[in-house]
Amino acid sequence: MATEAMVRTTGELLVEDMTEAERERARRVDQVLPALAQRAVEADRSGQFPLEHVRTISEAGLLGLTVPTAYGGLGGGLRDLAAATFAMAIACPSTALAYFFQCSGSSRGLLPLAAVDAGLFADDDVPVVRAFGEKVLRRMGAEGRWVANFASESVRSKNAAVTIATEASRTEEGWLLNGVKSFGCATGVADDYLVTAKLDTGDTAEFLSVFLIPRDTPGVSERTKWDAIGMRATATHGIVLEDAFVPDENALTVPGTFVKMTQVSRGSFVGNQVALSSVYIGAAQAVHDFALEFLTTTTYHGTDEPIGGSDLHRQLIGKMRAHLDTAYLWARRQILLETADPEIIPKDDVVANWRIAKGEIADNCFQAAVQALKACGTGNTGMEGAISRGLRDLSMGLVQGFPAERGRLEAASYLVFGKEDDQFGTTKGAQ
């Protein structure tokens with residue numbers, strides 16, 4: 001009889017060489033999967049984030065997965081997060097995506113502290129920076145609060161992946177925020193919002209700042225409900241900020257902080273992004289598992305021969321598997337590059353690799369679902385079925401953040417010219 005230590009966790013399908021500490025955290029994730037799966041179909045049908053999942057995840061201690069134990073968290077890192085979002089996505093992709101953005105908020109606590117430790121701040125600024133970073137981590141860890149991470153906006157500029165128009169203006173004992181955050185999971189669900197905004201005193205990345213805003217803060221409202229293709233139960237519609245007051249203790253506005261935070265990150269700044277792509281691999285794995293089960297248990301009329309045994313179906317199964325395995329390989333390589341100690345390649349090369357990896361993972365996961373659709377046929381195209389839901393879920397990965405084509409161009413720009421487009425930009429005046 002297999003002991004608990006011998007039983008592989010779901011996350012080990014992606015992160016194959018877990019330590020025992022990582023495996024113990026992965027077991028916590030496995031414990032919540034049945035509850036997440038139970039509500040997945042209804043969540044997709046209604047387009048509503050299942051509020052019960054907040055309690056399920058919180059009670060398992062997983063809101064602090066990537067928070068150091070000193071702040072009440074589980075002490076996990078990128079490997080843990082990628083394994084967790086992958087496993088959750090097999091059960092409920094929408095919840096997995098929202099959970100990724102919750103955990104990515106820990107970067108707003110960890111990176112300021114890392115920049116302090118690296119000696120990037122003047123002595124007078126250290127207490128302010130440290131206090132903010134520790135507050136974020138305690139919120140997520142010891143206090144067990146769901147913290148949603150809002151950076152993206154609908155405005156676009158040619159040379160930046162994310163353009164910030166939301167502005168913060170100085171007022172007595174704090175700041176007034178005005179702007180619109182068009183994308184951010186857990187709108188109206190999270191306890192607190194982490195909002196990236198620029199100070200109205202400048203228009204470069206040096207003036208980008210981070211604010212911690214409780215959900216019920218006056219002046220904070222929800223945008224029109226998000227109703228688009230993709231993972232429908234993520235509460236992604238975003239927020240509107242109209243003179244929302246943030247006290248100084250909830251604001252990280254030391255000039256240059258945002259830039260210093262990017263300097264100490266191992267990969268792209270927005271928050272362990274390969275763990276976001278791991279959501280799509282988990283969703284593709286679920287489609288693959290359904291298709292294989294259907295094709296090996298459904299037989300031709302009057303025979304014991306599975307329909308998956310035909311030449312056509314075997315070819316489609318092979319292509320489905322090849323696409324899925326390609327996504328796994330890109331993700332595992334990126335996870336290794338961002339977590340290896342000592343580092344394998346310079347940070348700029350890690351980021352360039354990510355630019356390509358993101359698109360390759362998304363495209364291959366979607367193509368795995370396309371092969372499943374072809375193989376499983378018309379009878380499996382019901383909107384609530386695994387194939388249709390999977391195709392809709394995986395389609396958003398083709399464009400979320402940036403499409404594969406942009407990623408390849410940015411990586412090539414770095415290889416040819418030694419630079420790439422800025423990840424964050426600003427505009428003059430809030431929009």
Legend entry - By salt bridge (Lys or Arg N to Asp or Glu O under 4.0 Å) - contacts of R55 (at least two apart):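 Checked R55 against salt bridge (Lys or Arg N to Asp or Glu O under 4.0 Å); zero matches.
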Legend entry - All salt bridge (Lys or Arg N to Asp or Glu O under 4.0 Å) counterparts of R215, not counting sequence neighbours: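 With sequence neighbours excluded, R215 shows a salt bridge (Lys or Arg N to Asp or Glu O under 4.0 Å) to no residue whatsoever.
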Heavy-atom side-chain contact between [X] and [Y] under 4.5 Å:
{"X": "F366", "Y": "L391", "value": "yes"}
{"X": "F211", "Y": "N250", "value": "no"}
{"X": "Q285", "Y": "F86", "value": "yes"}
{"X": "L97", "Y": "L276", "value": "yes"}
{"X": "Q102", "Y": "N149", "value": "no"}
{"X": "T187", "Y": "H237", "value": "yes"}
{"X": "K358", "Y": "Q273", "value": "no"}
{"X": "P403", "Y": "L398", "value": "no"}

Over all heavy atoms of both residues, which pair between [X] and [Y] is shortest? Give the atoms and the distance, please.
{"X": "F101", "Y": "S104", "value": "O-OG, 2.9 Å"}
{"X": "M140", "Y": "V147", "value": "CG-CG2, 3.7 Å"}
{"X": "V274", "Y": "I335", "value": "CG1-CG1, 3.8 Å"}
{"X": "P112", "Y": "L252", "value": "CG-CD2, 3.9 Å"}
{"X": "A148", "Y": "A186", "value": "CB-CB, 4.3 Å"}
{"X": "C376", "Y": "I387", "value": "SG-CD1, 4.3 Å"}

Approximate separation, where rounding is to 0.5 Å, of [X] [atom1] and [Y] [atom2]:
{"X": "D363", "Y": "T326", "atom1": "CG", "atom2": "OG1", "answer": "11.0 Å"}
{"X": "T196", "Y": "L194", "atom1": "OG1", "atom2": "CG", "answer": "7.5 Å"}
{"X": "L113", "Y": "R108", "atom1": "CG", "atom2": "CZ", "answer": "14.0 Å"}

Side chain to side chain contact (heavy atoms under 4.5 Å, CB included) involving [X] - partner list, sequence neighbours excluded:
{"X": "V29", "answer": "L33, L62, A84, A87, M88"}
{"X": "T381", "answer": "L373, T378, S388"}
{"X": "D227", "answer": "R232"}
{"X": "V41", "answer": "R45, E384, R389"}

Legend entry - Of all pairs that satisfy ring pair (Phe, Tyr, Trp, His ring centres under 6.0 Å), the ones with a partner from residues 129-149, not counting sequence neighbours: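 Matches after skipping sequence neighbours: F49-W146.
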Legend entry - Pairs meeting criterion ring pair (Phe, Tyr, Trp, His ring centres under 6.0 Å) with involvement of residues 14-44, two or more places apart: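 Residue pairs with at least one partner in residues 14-44: there are none.
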Inset, instruction - Dump the intermediate steps for side-chain contact (heavy atoms from CB on, under 4.5 Å) on R25 and M18, then the final yes or no. - result: CA-CA 10 Å; R25 290 187 284 267; M18 284 186 180; over 6 Å; no
Would you tabulate the side-chain donor-acceptor contacts of residues 303-312 under 3.5 Å, counting partners in other chains and residues two or more places apart, or write 'none'?
from : atom 1 : to   : atom 2 : distance (Å)
T303 : OG1    : Y300 : O      : 3.0
T303 : OG1    : E305 : N      : 3.2
S310 : OG     : H313 : N      : 3.1
S310 : OG     : H313 : ND1    : 2.6
D311 : OD1    : R314 : NH2    : 2.4

Taking the basic N atoms (NZ, or NE/NH1/NH2) and the acidic carboxylate oxygens, is any pair closer than 4.0 Å for [X] and [Y]?
{"X": "R408", "Y": "E360", "answer": "yes"}
{"X": "K181", "Y": "E222", "answer": "no"}
{"X": "R79", "Y": "E22", "answer": "yes"}
{"X": "R406", "Y": "E410", "answer": "yes"}

Legend entry - Side-chain (R266) to main-chain (A340) donor-acceptor, under 3.5 angstrom: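 Pair found, side chain donor or acceptor close to backbone of A340.
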Legend entry - Pairing residues for Y280 by the ring pair (Phe, Tyr, Trp, His ring centres under 6.0 Å) criterion, not counting sequence neighbours: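 Once residues adjacent in sequence are excluded, Y280 has no partner under the ring pair (Phe, Tyr, Trp, His ring centres under 6.0 Å) criterion.
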Inset, instruction - Could you pull out all residues at least two apart from Y193 that satisfy ring pair (Phe, Tyr, Trp, His ring centres under 6.0 Å)? - result: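 Checked Y193 against ring pair (Phe, Tyr, Trp, His ring centres under 6.0 Å); matches are F150.
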Legend entry - Given E293, Q371, M320, the one that forms side chain to side chain contact (heavy atoms under 4.5 Å, CB included) with H288: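 So the option named by the test is M320.
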Legend entry - T9 vs E12, side-chain contact (heavy atoms from CB on, under 4.5 Å): CA-CA, chis, key distance, verdict: CA-CA 5 Å; T9 63; E12 286 176 275; 3.1 Å; yes
Legend entry - side-chain contact (heavy atoms from CB on, under 4.5 Å) evaluation trace for L13 with Y328: CA-CA 9 Å; L13 289 172; Y328 271 108; 4.2 Å; yes
Inset, instruction - Write out all pairs satisfying side-chain hydrogen bond (donor to acceptor under 3.5 Å, both in side chains) with one or both partners inside residues 84-98, taking only residues at least two apart or from two chains. - result: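 Pairs touching residues 84-98 that pass the test: H53-T95.
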Legend entry - Worked check of side-chain contact (heavy atoms from CB on, under 4.5 Å) between V220 and L241: CA-CA 5 Å; V220 178; L241 301 159; 3.7 Å; yes
